[in-house]
Number of protein chains: 2
Amino acid sequence: MEESEILAKLPLVFTESALRQEMLTHGKFLKVNKDDTLIREGQYLDFLPIVIKGEIRVFQQKEDREILLYYVREGQTCMMSLSAAYFNHTSSSYGVATKPSEIFVFPTRLVNEWQLKYSSWNAYLIQTFRSRYDELLGSFESVAFDPIDKRVLSYLTERAKKENTAQIAISHQNLAYELGTTRVVISRILKGFEQQGKVKLFRGSIQLK
Amino acid sequence: MEESEILAKLPLVFTESALRQEMLTHGKFLKVNKDDTLIREGQYLDFLPIVIKGEIRVFQQKEDREILLYYVREGQTCMMSLSAAYFNHTSSSYGVATKPSEIFVFPTRLVNEWQLKYSSWNAYLIQTFRSRYDELLGSFESVAFDPIDKRVLSYLTERAKKENTAQIAISHQNLAYELGTTRVVISRILKGFEQQGKVKLFRGSIQLK
DNA sequence: GGGCTTGTGTATCTTTTGATACCGTTTTTT
DNA sequence: AAAAAACGGTATCAAAAGATACACAAGCCC
C-alpha cells in the first residue's frame, strides 16, 4: 500500500506532521483474514495496532465463558494492548478479526516515547481510555437496570443508526451473545416486537420499523 | 502542613524529583468535611485532585437513580476529573467526600504539561485509567453473571480483607445501594447466611465468620 | 417522655429470566 | 443428493429477584 494512502487512513487526530511521519517510518502495514487471532492472553506485545480497515473483537476467556470487551474499529487502537504494552505486561485478553482487516502496527517502545514528544498522541491515548470506559459504563448500567427487551431494542436502534440502515444483519444467537443472554430469550422478545409491529423478522436479519 | 509531610504522602510512583518539586510548588493543600461536594456535573475543572487522606465518592446522577462509579482513595486521582480536565470538558459526575479528607490539588494545565516532561506522570495516568477500567469490568461481570448472594459474600470478604477486620460496618440499606439492589433482598440473603453460620448480624454491621 | 428516623425481620405475590426440550426450515458441506 | 450445521418458533417448568406491606426495635432530637 502506498504511504500516502496509509497517511490518509490514519486518524485525523494526529495533528503533528512529525508524528505522522514517524508513524510511517516505523509502522508496518498488515492484512489479516477473518477469524485470525492477533493477540492471545499471556502474550507480550511487540507491536501496538491501529485498525485501518475492518474490525477486531477483543474479549477475555474465563473458565467456561467469554467476556466481550469491545470492538476495535477504523482509526482506533486497542486499549488493552496499549496498557499492556505500556507496562510491558502480558495481554489479559484476546483479539480476533471479525472480518478481513487491515492494521497498522508499530513497536511498543514508541508508545512511551511519543508521549513525551506529541500532545496529539497523548490526547489520542486518553481519548481511547475514556471512551472505552464510557462504553463499558453504558453496558454496565444497561445490564444493571434495564430489562432485556429494552436492551434488545436499544441495541437494534443503535446499530441501525451507526450503520445507517433499518436492516440489521444478525442472528438471534449472536444477538444473545452480544447481550449476554440466551437464544430462546431473544427469539421470544423479538417475536413479541414483531407482533407489536416494531420489527419485521427475517432469517439472519431484523428490520426496524 | 509541612512540605515534607505532603511529599511523604504523595504516591511513590512519582519517581522524578523534579516532578515532586513541581507538585509542591504549584499544588495546594485542602481539607474538606464529610459530605462536602468537591465537584458537580456540568462544572469545569480548574484543579485536579490527588487524595492524601480520606475518601471521595464519585457518582453520576441519572433521572431518579445514582450510579456509583468508584471511590478515590489515598494516593489516587479521579479519572473522570482527569479526562474532563484534559479535554477542557465539564464534569459528567459528582465527587463527594465520604469522610473528613485531605486533598492536594493543582491547576489542570499541568496535566498536559507534565505528560511531555515526566514519564512517571504518564505511567500514573495510564495506571489510573486502566485500574478503573478493570474495576468496572469486575463489577460488570459480577452483575452480569453472579447471583446476588454470591455478590454479597464477595463484597463482604473483600471489604474484610481491605480493612483487615471481620466486622464490616454497613447497613443493609447501604449494602443494597452498593450492589444496586433493594434492602429486602439483602436482608433476606444475610439472614440465610446467618442460618448457615457464615456471618453474624448486628445492627449496623456484619461479622464474617 | 414522646415523636421521628433508621435499621431489621418476614410474609406474600408477581414478574422476569433462564433451562430444557422438541420441531421444522434453510443453508452449507461433503 | 444426502448429511450436517445453522436458524428460528414455541411450550413447559423452575428459579431468582423485585414490589409491597406490616411489625418491631434501637437510637436521636426536642
Side-chain angles (χ1 to χ4, degrees), chain A residues 34-35 63-67 98-99 139-156 159 167-208, chain B residues 34-35 63-67 98 139-156 159 167-209:
Chain A
K34 176 164 151 59
D35 295 330
E63 293 116 56
D64 45 339
R65 63 173 179 268
E66 195 174 280
I67 319 276
T98 64
K99 48 178 104 164
S139 304
F140 176 82
E141 284 178 40
S142 152
V143 167
F145 300 110
D146 296 342
I148 296 195
D149 54 354
K150 189 173 163 197
R151 293 171 52 206
V152 171
L153 205 52
S154 306
Y155 178 90
L156 293 176
R159 269 202 49 178
Q167 196 80 22
I168 316 293
I170 192 170
S171 72
H172 296 189
Q173 180 59 66
N174 284 337
L175 182 46
Y177 169 69
E178 290 276 330
L179 301 182
T181 178
T182 62
R183 203 266 310 165
V184 177
V185 171
I186 295 294
S187 294
R188 187 193 289 159
I189 287 167
L190 285 176
K191 206 63 200 171
F193 285 169
E194 190 173 46
Q195 276 155 11
Q196 296 167 46
K198 289 183 183 165
V199 302
K200 195 165 171 196
L201 301 180
F202 300 87
R203 185 185 176 84
S205 78
I206 301 155
Q207 183 189 343
L208 271 172
Chain B
K34 175 164 153 59
D35 296 329
E63 293 117 55
D64 45 339
R65 62 172 178 271
E66 195 173 279
I67 318 276
T98 64
S139 304
F140 176 82
E141 285 178 39
S142 152
V143 167
F145 300 110
D146 296 341
I148 297 194
D149 53 355
K150 188 174 163 194
R151 293 172 52 208
V152 170
L153 206 52
S154 306
Y155 178 89
L156 293 176
R159 268 202 51 180
Q167 197 79 23
I168 316 294
I170 192 170
S171 72
H172 296 187
Q173 181 59 65
N174 284 336
L175 182 45
Y177 168 68
E178 291 275 329
L179 301 183
T181 179
T182 62
R183 205 269 308 167
V184 177
V185 172
I186 295 294
S187 292
R188 186 193 290 159
I189 286 167
L190 284 176
K191 206 62 199 171
F193 284 169
E194 190 173 47
Q195 275 154 12
Q196 297 166 45
K198 288 183 184 165
V199 302
K200 196 164 170 195
L201 301 179
F202 300 87
R203 185 185 177 85
S205 78
I206 301 155
Q207 182 190 343
L208 272 172
K209 317 216 303 182

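Letters A, B, ... mirror the listed sequences (proteins, then strands); counts begin at 1.
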Expressed in angstrom and rounded to an integer, what is the separation of A:Leu179 atom CG from C:dG18 atom P?
10 Å
Whole-Å gap separating P (D:dG9) and CD (A:Gln173):
13 Å
What contact category does A:Leu190 fall into here, base, sugar-phosphate, or nothing, at under 4.0 angstrom with non-hydrogen atoms?
nothing
B:Arg151 side-chain N/O to B:Asp146 backbone N/O, donor-acceptor pair under 3.5 Å
no
Protein-nucleotide distance (A:Glu194, atom CD; D:dG8, atom P), rounded to Å
12 Å
Interatomic distance, A:Ile186 CD1 vs D:dT10 P [rounded to whole Å]
16 Å
Nearest of D:dG18, C:dT17, C:dT20 to any side-chain atom of A:Val184?
C:dT20
May I have the distance from A:Leu175 (atom CG) to D:dG9 (atom P), rounded to whole angstrom?
12 Å
Go through the steps to decide whether A:Phe193 and A:Val152 satisfy the test side-chain contact (heavy atoms from CB on, under 4.5 Å), and finish with yes or no.
CA-CA 10 Å; A:Phe193 285 169; A:Val152 171; 3.9 Å; yes
Looking only at D:dG18, C:dT10, D:dG9, the nucleotide nearest the B:Lys191 side chain is C:dT10
Pairwise 5' ranking along DNA chain C for A:Arg203 and A:Arg183, keeping only the more 5' one
A:Arg183
Residue mapping more 5' on DNA chain C - nearest nucleotide basis, B:Phe202 or A:Gly180
B:Phe202
Heavy atoms only: give me the nearest B:Lys209-B:Gly197 pair and the separation to one decimal.
CE-O, 3.8 Å
Among C:dT17, D:dG18, C:dG9, the one nearest any side-chain atom of A:Pro147 is C:dT17
A:Thr181 vs C:dG18: side-chain N/O to OP1/OP2 distance below 4.0 Å
yes
Closest approach to the side chain of A:Thr182, judged atom by atom: which nucleotide of D:dT10, C:dT10, C:dA19 is it?
C:dA19
B:Glu194 side chain vs B:Val199 backbone, donor-acceptor pair below 3.5 Å
no
Tell me the interatomic distance from B:Ile189, atom CD1, to C:dG9, atom P, rounded to whole angstroms.
13 Å
Would you tell me whether A:Arg159 and A:Tyr155 have side-chain atoms, one donor and one acceptor, within less than 3.5 Å of each other?
yes
Between C:dG18 (P) and A:Tyr177 (OH): distance, integer Å
16 Å
Would you say D:dG9 has OP1 or OP2 under 4.0 Å from some side-chain N or O of A:His172?
yes
Once you round it to whole Å, what is the distance between P of C:dT16 and NZ of A:Lys150?
14 Å
